[in-house]
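Lettering of chains follows the sequences in order, A, B, ..., and the numbering in each one begins at 1.
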There are 2 protein chains.
Amino acid sequence: MSHTVGARQAQKQQSRRALLDAGLRLLADQNLASLGVREVTREAGLSPAAFYRHFPDLAALGVALVEESLASLHVMIRSVLAEAGGAEELIDRAVDVIERHVREHRAHVRFLARERHGGVRRVREAIDAELGRFAAEVGEALALQPVSRGWSEQDLRMLAELYVDHMVSTASALLEAQESDPARERRIAATARLQLRLISLGRRHWQAS
Amino acid sequence: MSHTVGARQAQKQQSRRALLDAGLRLLADQNLASLGVREVTREAGLSPAAFYRHFPDLAALGVALVEESLASLHVMIRSVLAEAGGAEELIDRAVDVIERHVREHRAHVRFLARERHGGVRRVREAIDAELGRFAAEVGEALALQPVSRGWSEQDLRMLAELYVDHMVSTASALLEAQESDPARERRIAATARLQLRLISLGRRHWQAS
DNA sequence: AATCTCGGCAAACACTTGTTTACTGAATGG
DNA sequence: CCATTCAGTAAACAAGTGTTTGCCGAGATT
């Protein structure tokens, strides 16, 4: 009758969260490949054996973190694409959203940047499968914009990938900037805006060349 | 009288090379942070203690690898910038050179991609200090091109960074493509060319907007 | 109320780890 | 040719590792 899932399951979820959080915390200055089961359980306040009640592997924990991290990223992307408007406002809004996202999900973003080319194959694959899906989504959104009239499927895809790659680069750069120099952060954001403006300029003259 | 540096030093250099090569080999599917001294020396055919005759740290070995990797990258960049020509030929040449570079220095490129956001601070810093220097160098080269007449310092810098980031993204993508799908490699190269063309288009209309 | 499920624990397994030690023996230099 | 330098070694150190085992005791189920 209650909408809760049972105290049993709730406690299990709590432990699972503790493990994920502990992992995320430790991965702030470490690689997934160099993480240890004992290390994680110690940080989470559980016994080593408890880990195996939740994940078979550390790689599995990594994949779970990928899903989490990309869920929030997904929300972010949609919120940028949803609002229509002139190119300039869209650019400003996109950069603002990225900036805020990095600030509010620092751990997740760092995790993605670090493990995207990291040493654990399954995690790597999970990440760029999902980034590919992002590009597809961005591509569909671009297709709806009037500027894209007459663009081929391939052209749209390459533009979408350019945007996604640019977003990733910018996020990575912001990550390191935000925790040291606050002025550096503004400089990076400004650069990103200029770059997006240049791309948008190229876009307007595509095929008209 | 002989131009050799002495059998003594030569043997030491040989061991050092063995360590670097062993490290590079192991880092093909591992992170620097998860690498072990014993692991490296075992792979190199030396005793564990021998390692400390060459490096104080594994991080130091990492930094040495960064220097190696970026030396070859540096040569590559110069070879792209040296040849003048129309925008189209320049783009084709740039992509070709990147493609070849990734094929011929797979281990180095993978190392850079992996450790750029990896878990070892000193290595991370070494890498992006050097990438910053690249951007500066590219910026200077761009300034000499006629298309850049009237561009501010800041604009040149942001364009250079856009190019460098794009190069890094492309190289990373090629890395994974080359060792699986050969058709995928061509698709990535084609996409990169399109993206560079779009950027170059934006460049021509900058400030003329 | 009795039974079952199952998340968590402590302990034990057999290794692997980084680093220091005292040493050996070949190239070096006077 | 004798003394020195020094790259490389084997052995030992304490400390950490992943994973399995049997067990407990609190929810869940009947």
Side-chain angles (χ1 to χ4, degrees), chain A residues 1-23 25-27 29-65 115 118-123, chain B residues 1-23 25-27 29-65 115 118-123:
Chain A
M1 179 140 312
S2 76
H3 69 294
T4 71
V5 286
R8 210 65 218 255
Q9 226 150 315
Q11 283 181 4
K12 177 163 187 180
Q13 292 279 335
Q14 197 177 10
S15 293
R16 188 185 143 97
R17 259 263 61 88
L19 288 170
L20 290 170
D21 288 343
R25 224 171 303 132
L26 292 168
L27 289 170
D29 31 32
Q30 211 173 152
N31 271 312
L32 180 58
S34 71
L35 201 62
V37 172
R38 291 183 113 107
E39 209 178 348
V40 176
T41 53
R42 193 185 312 129
E43 173 85 9
L46 298 177
S47 81
F51 177 86
Y52 297 97
R53 301 281 187 204
H54 299 272
F55 306 99
D57 248 353
L58 268 170
L61 182 144
V63 171
L65 285 176
E115 300 305 328
V120 182
R121 165 179 291 272
R122 278 163 56 203
V123 170
Chain B
M1 177 140 313
S2 76
H3 71 292
T4 69
V5 285
R8 210 65 221 253
Q9 223 149 317
Q11 283 180 5
K12 178 165 185 180
Q13 291 279 336
Q14 196 176 10
S15 292
R16 187 186 144 98
R17 259 262 63 87
L19 287 171
L20 289 170
D21 288 344
R25 223 173 303 131
L26 291 168
L27 288 169
D29 30 33
Q30 212 174 152
N31 272 313
L32 180 58
S34 71
L35 202 62
V37 172
R38 291 186 114 105
E39 209 177 348
V40 176
T41 53
R42 194 186 311 129
E43 173 84 10
L46 298 177
S47 82
F51 178 85
Y52 297 97
R53 302 281 186 203
H54 298 272
F55 307 99
D57 248 353
L58 268 169
L61 183 142
V63 171
L65 286 176
E115 300 304 328
V120 182
R121 166 178 290 270
R122 278 163 56 202
V123 170

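Within the model, atoms CD of B/Q14 and CZ of B/R17 stand 11.0 Å from one another, a figure rounded to the nearest 0.5 Å. Summarising the geometry, atom CG belonging to A/N31 is positioned 12.5 Å from atom CG belonging to A/L26; distances are rounded to the nearest 0.5 Å.
Listed by first then second residue, pairs satisfying side chain to side chain donor-acceptor pair (under 3.5 Å) with a partner in residues 52-62 of chain A read A/D57-A/R122, not counting sequence neighbours.
Of all the heavy atoms in A/L20 and A/A64, the pair that sits closest is CD2-CB, 4.0 Å. When all heavy atoms are compared, the tightest approach of B/A44 to B/A18 is CB-O, 3.7 Å. Between B/V123 and B/A59 the shortest heavy-atom distance is CG2-O, 3.9 Å. Counting all heavy atoms, side chain and backbone alike, A/L19 lies closest to A/L61 at O-CD1, 4.1 Å.
Counting to the nearest Å, the P atom of D/dT9 and the CG atom of B/L19 are 10 Å from each other. Straight-line distance from the CZ atom of B/F51 to the P atom of D/dA10: 18 Å, rounded to whole Å. In this entry the distance linking CZ of A/R53 with C1' of D/dG22 reads 11 Å, nearest Å. For A/K12 and C/dC9, the NZ to C1' distance is 16 Å, given to the nearest whole Å. Counting to the nearest Å, the C1' atom of C/dT19 and the CG atom of B/L61 are 17 Å from each other. Here D/dT19 presents its P atom at 16 Å from NE2 of A/H54, a figure rounded to the nearest Å. If you take CD of A/Q13 and C1' of D/dG27, they are 16 Å apart, rounded to a whole angstrom.
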Using a cutoff of under 3.5 Å, can you pull out all pairs of nitrogen or oxygen atoms linking the protein to nucleotides 26-30 of chain C, with atom names and distances?
residue	atom	partner	partner atom	Å
C/dA27	O3'	B/R8	N	3.3
C/dT28	OP1	B/A7	N	3.0
C/dT28	OP1	B/R8	N	3.0

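For A/A49, the listed nucleotide lying nearest its side chain is D/dT21; candidates were C/dG7, C/dT19, D/dT21.
OP1 and OP2 of C/dT20 both lie 4.0 Å or more from every side-chain N or O belonging to B/Y52.
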Does A/L27 form a side chain to side chain contact (heavy atoms under 4.5 Å, CB included) with A/L65? I'd like the steps, not just the answer.
CA-CA 11 Å; A/L27 289 170; A/L65 285 176; 4.0 Å; yes
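Residues of residues 29-47 of chain B that place a heavy atom closer than 4.0 Å to DNA chain D, in numerical order, are B/R38, B/L46, B/S47.
In DNA chain D, the stems built from three or more successive Watson-Crick or G-U pairs (distances below 3.5 Å) are C:1-12 with D:19-30, C:14-17 with D:14-17, C:19-30 with D:1-12.
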Considering only distance and modelled atom types, tabulate donor-acceptor pairs under 3.5 Å from the side chains of residues 36-43 of chain A, sequence neighbours left out.
residue	atom	partner	partner atom	Å
A/E39	OE1	A/G36	N	3.1
A/E39	OE2	A/Q30	NE2	3.2
A/T41	OG1	A/V37	O	3.2
A/T41	OG1	A/R38	O	3.0
A/E43	OE2	A/R25	NH1	2.6

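Within the 4.0 angstrom heavy-atom criterion, only backbone atoms of the sugar-phosphate kind lie near A/A50; the bases stay farther away.
A/E115 places a side-chain N or O within 3.5 Å of a backbone atom of A/L32 that can act as its donor or acceptor partner.
The salt bridge (Lys or Arg N to Asp or Glu O under 4.0 Å) check on A/D29 picks up nothing, with sequence neighbours excluded.
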